[in-house]
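Inspection log for the structure reproduced underneath, given as structure tokens.
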There are 2 protein chains.
Amino acid sequence: MEERVTIRELARRSGVSVGTVSRALNGYADVRPETRERIMRLASELDYTPAAAARSLVTQRSHVIGVFMETGEGHPDLQHPFFHEVLGGLKQRVGREGFDLLLFASERPGGGYGPHSYLKRARHHSVDGCALIGLDPDDSEVRRLVRGEIPCVAIDMQLEGPNTEVVMSDNEAGAAEAVRHLHGLGHRRIATITGMIDSRPGVDRLRGYRNAIQELGLAYRDEYVRYGDFYAESAREATEKLLALPEPPTAIFAAADLMAIGAVRAAAEAGLSVPADLSVVGFDDIQLAPHVNPPLTTLRQDKLGLGAAAGDALVARIAGDPERPQLRTLPVELVVRGSTAAP
Amino acid sequence: MEERVTIRELARRSGVSVGTVSRALNGYADVRPETRERIMRLASELDYTPAAAARSLVTQRSHVIGVFMETGEGHPDLQHPFFHEVLGGLKQRVGREGFDLLLFASERPGGGYGPHSYLKRARHHSVDGCALIGLDPDDSEVRRLVRGEIPCVAIDMQLEGPNTEVVMSDNEAGAAEAVRHLHGLGHRRIATITGMIDSRPGVDRLRGYRNAIQELGLAYRDEYVRYGDFYAESAREATEKLLALPEPPTAIFAAADLMAIGAVRAAAEAGLSVPADLSVVGFDDIQLAPHVNPPLTTLRQDKLGLGAAAGDALVARIAGDPERPQLRTLPVELVVRGSTAAP
DNA sequence: TTGTATGCGTTATCAT
DNA sequence: ATGATAACGCATACAA
């Protein structure tokens with residue numbers, strides 16, 4: 001069982017005080033080059049590693065970003081591919097700045113006193129900042145967190161706080177573009193399957209759909225709007241209903257790729273082929289989008305970019321950067337593949 | 001700017017010493033009920049949260065599990081859906097035991113002295129244990145980590161260390177079952193697209209394929225084995241080659257669902273339809289498997305179970321549980337859906 | 001340029 | 001049952 005090598009050990013072995021070792025290691029100017037040299041060599045020989053706990057205790061900086069990430073009801077943790085890609089972007093970006101990610105898993109921080117609380121968990125670990133992914137913005141605990149002193153960034157959620165920023169895609173514009181694309185192809189009977197309507201992306205994409213329908217002079221039909229939950233199964237059912245309409249749509253804008261895939265599936269089950277009999281456009285451009293059959297026409301979200309933007313925001317706020325926009329919106333891009341065609 | 005409320009503050013306000021507060025909060029027996037009561041109430045009023053850093057400094061336990069997670073070359077971080085589901089299982093399991101997950105992102109732990117090193121990063125944060133997902137088992141730094149004093153669990157990797165366990169699916173049996181399923185359907189010309197052959201699941205699934213081919217008395221053909229990398233694109237190319245053979249296979253066992261999807265795609269591009277003209281079976285049973293077109297016949301890995309098993313192993317090891325199996329293998333299950341049929 | 005001393009917020013070991 | 005006091009490993013203000 002190897003003993004942990006501490007800064008004290010280093011001091012002892014190199015014949016100087018711990019203060020000097022600390023300064024040498026941290027690159028302070030006021031230390032004789034040869035002393036520093038000696039210490040550095042010793043440190044690397046002994047494979048010295050500073051204890052983050054001790055350091056953060058004194059510096060009040062943990063270099064850790066907390067991540068609260070959940071997904072919709074009934075869909076256990078970490079299921080939607082979208083979130084993972086965002087997480088990947090976040091990880092890369094903050095990693096470059098020397099931060100690690102603490103993925104909160106425990107609900108009993110610090111051994112169990114007190115109720116479940118985001119703020120508490122964040123404080124317990126002294127995270128320098130928090131990323132919020134897939135939470136319920138109406139949760140009072142979430143609100144308490146963003147009202148607190150810890151810099152936060154919310155992804156795809158409408159949230160306000162003195163120290164929090166929001167990052168999301170331009171969902172409304174993207175949805176509108178989907179409809180315009182379909183219209184340009186010659187479609188006039190265009191339906192939509194929405195995401196969860198209590199989420200910001202859900203309502204924004206629906207709004208974009210409505211705006212475009214109106215702007216293009218198409219008649220808005222209530223029966224062409226079905227409510228889904230971002231996952232495949234909901235869209236499959238919705239599509240069934242849509243296709244059973246007396247005047248079924250010739251095209252569907254699904255507010256998520258997973259739902260677009262569910263729609264394609266429902267079409268196939270109804271003996272219809274995409275895009276010959278029905279056009280489908282998704283949203284997200286998940287990793288699989290180009291590989292499914294047919295490849296999905298979709299609105300690409302810059303998922304890595306979203307994560308990176310979130311990381312940027314956090315890092316800047318942590319560094320004390322004062323004026324920052326409260327909301328940053330990233331553009332989405334129409335990617336035309338094989339699931340859409342003229343009616 | 002609210003001041004952080006510390007245990008000292010609690011002591012001052014409640015008129016006792018910090019020692020007593022600590023004992024009261026931590027449920028020690030030797031504290032007068034009314035004193036405890038008073039302290040507890042005050043703590044909850046002030047929303048006191050203990051500082052994990054301070055605590056772990058003295059207890060030498062951080063209640064944090066470190067996670068090293070990368071994926072294959074050329075595929076940026078966190079891309080393969082399989083890993084996320086495993087991560088989800090791990091998160092749930094250890095969360096219940098009061099652990100949080102530290103997702104290592106930074107390559108310069110503690111401000112930059114010393115080279116990249118898994119062991120160093122783990123020690124820096126004093127994690128109680130480490131989960132290794134999607135790393136290169138031949139990396140000398142990985143080896144150093146598992147040779148160290150920190151309990152480790154490796155998922156889908158062959159790794160040995162005094163304090164490390166390995167968790168994986170029964171890949172060999174699963175692959176063999178895939179081939180048998182195809183054979184049972186009447187297929188005789190059965191090809192395979194492998195995963196990365198330097199990974200344990202990659203070789204095990206290939207071995208399972210070979211065993212079954214032999215066991216069933218089929219001729220083993222070199223040209224029926226193509227090498228992929230677990231991702232869709234590689235399988236698409238492989239399938240193209242396979243279909244161009246003078247005597248093309250009537251069925252393909254792809255060592256991952258993502259690859260199965262790539263294979264289906266290639267078939268479609270060649271004007272072939274699955275399963276009518278070509279049967280395809282995948283491996284993993286990713287979330288999308290039932291929803292793609294056609295729904296995938298595949299070998300289901302218990303991904304949540306894998307993560308949970310890893311969490312179990314870690315928690316037990318951390319608790320000091322001495323004798324534990326070095327390797328635990330989880331069964332896989334054939335799920336027959338729409339991508340396979342008689343030739 | 002270097003050493004000393006103090007404190008960060010806890011837990012733990014003594015006394016009392 | 002409670003209070004001092006000493007760690008834990010490190011950074012830093014101040015002395016020297």
Side-chain angles (χ1 to χ4, degrees), chain A residues 3-40 43 46-64 109-113 120 123-128, chain B residues 3-40 43 46-64 109-113 120 123-128:
Chain A
E3 288 304 308
R4 199 187 207 298
V5 23
T6 76
I7 200 174
R8 220 195 255 95
E9 172 77 2
L10 245 45
R12 204 177 54 72
R13 296 239 215 177
S14 58
V16 295
S17 73
V18 295
T20 303
V21 174
S22 176
R23 282 181 305 239
L25 257 23
N26 291 346
Y28 279 53
D30 57 354
V31 46
R32 183 145 37 109
E34 52 205 68
T35 310
R36 178 198 306 282
E37 163 68 14
R38 185 159 37 98
I39 294 175
M40 296 287 261
L46 299 184
D47 200 34
Y48 167 73
T49 311
R55 174 179 289 180
S56 82
L57 202 52
V58 31
T59 61
Q60 306 285 30
R61 285 232 154 310
S62 63
H63 278 269
V64 169
Y113 15 93
K120 209 151 182 161
R123 282 185 177 156
H124 177 234
H125 283 287
S126 310
V127 296
D128 291 342
Chain B
E3 288 302 308
R4 198 184 208 299
V5 22
T6 75
I7 200 175
R8 218 191 255 97
E9 173 77 1
L10 245 44
R12 203 177 54 72
R13 298 238 216 178
S14 59
V16 296
S17 74
V18 296
T20 304
V21 174
S22 177
R23 281 179 306 235
L25 258 22
N26 291 345
Y28 280 54
D30 56 354
V31 44
R32 182 145 39 106
E34 50 205 69
T35 310
R36 180 199 305 282
E37 163 67 16
R38 185 159 37 96
I39 293 175
M40 297 288 263
L46 298 183
D47 200 35
Y48 166 73
T49 311
R55 174 179 288 180
S56 81
L57 202 53
V58 30
T59 61
Q60 307 284 30
R61 284 233 154 311
S62 61
H63 278 270
V64 168
Y113 16 92
K120 209 151 184 164
R123 283 186 177 154
H124 178 235
H125 283 287
S126 311
V127 295
D128 291 342

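Residue numbers start from 1 in every chain, and the chains themselves are labelled A, B, ... in the order their sequence lines are given, proteins ahead of strands. On a predicted model such as this, the values are computed, not experimentally measured, just so you know.
- Of the candidate nucleotides C:dC8, D:dA11, D:dG9, C:dC8 has the atom nearest to the side chain of B:Arg8.
- Closest of all the heavy-atom pairs between A:Tyr48 and A:Leu25 is CE2-CD2, 3.6 Å.
- A residue-by-residue look at B:Gly19 and A:Pro33 shows that A:Pro33 has its nearest nucleotide of DNA chain C further toward the 5' end.
- Atom-to-atom, CZ of A:Arg4 to C1' of D:dC10 comes out at 11 Å; the value is rounded to the nearest Å.
- The CD1 atom of B:Ile7 sits 14 Å away from the P atom of C:dC8 (whole-angstrom rounding).
- Contact check, A:Ser17 against C:dG3: a side-chain N or O comes under 4.0 Å of OP1 or OP2.
- Contact annotation: side chain of A:Arg23 to base of C:dG3, donor-acceptor pair present below 3.5 Å.
- A residue-by-residue look at B:Ala29 and A:Ala51 shows that B:Ala29 has its nearest nucleotide of DNA chain D further toward the 5' end.
- Among the candidates B:Met40, B:Glu9, B:Arg38, the single residue satisfying the side chain to side chain contact (heavy atoms under 4.5 Å, CB included) test with B:Ser14 is B:Arg38.
- The nearest whole Å value for the distance from the OH atom in A:Tyr28 to the P atom in C:dG3 is 16 Å.
- Closest approach to the A:Arg55 side chain among C:dA12, D:dA11, C:dG3 is made by D:dA11 (side chain taken as heavy atoms from C-beta onward).
- For the atom pair OG1 of B:Thr49 and NE2 of A:His124, the computed distance is 8.0 Å after rounding to the nearest 0.5 Å.
- Minimum heavy-atom separation, B:Leu10 to B:Leu46: CD1-CD1, 3.8 Å.
- Looking at A:Arg55 and A:Asn26, their side chains come closer than 4.5 Å, going by heavy atoms from C-beta outward.
- Atom CG in A:Leu10 sits about 15 Å away from atom C1' in D:dA11, given to the nearest Å.
- Side-chain proximity of B:Asp30 to the nucleotides C:dC8, D:dC8, D:dT2 is greatest for D:dT2.
- Counting only heavy atoms from C-beta on, A:Gln60 has its side chain closest to C:dG9 among D:dT12, D:dC8, C:dG9.
- Across all their heavy atoms, A:Arg23 and A:Arg36 have their closest contact at O-NH1, 4.2 Å.
- B:Thr59 comes within contact range of the sugar-phosphate backbone alone, with a heavy-atom separation under 4.0 Å but no base atom that close.
- Between the P atom of C:dG7 and the CG atom of A:Leu57 lies a distance of 14 Å, rounded to the nearest Å.
- One can place NE2 of B:His63 at 13 Å from C1' of C:dT11, the figure rounded to the nearest angstrom.
- Here the side chain of B:Tyr48 is nearest to one of C:dT11, D:dT2, C:dT10, namely C:dT10.
- Distances from the side chain of B:Thr35 to the nucleotides C:dT2, C:dG3, D:dT2 place D:dT2 closest.
- A close approach under 4.0 Å does occur between a side-chain nitrogen or oxygen of A:Ser22 and OP1 or OP2 of D:dA11.
- Place A:Ala54 and B:Val16 on DNA chain D by their nearest nucleotides, and B:Val16 ends up nearer the 5' end.
- Closest to the B:Val58 side chain, of the nucleotides D:dA11, C:dT2, C:dT10, is C:dT10.
- One atom, CZ of B:Arg123, and another, P of D:dC10, lie 13 Å apart when rounded to the nearest Å.
- The distance from atom CZ of B:Arg61 to atom C1' of C:dA12 is 16 Å, rounded to the nearest whole Å.
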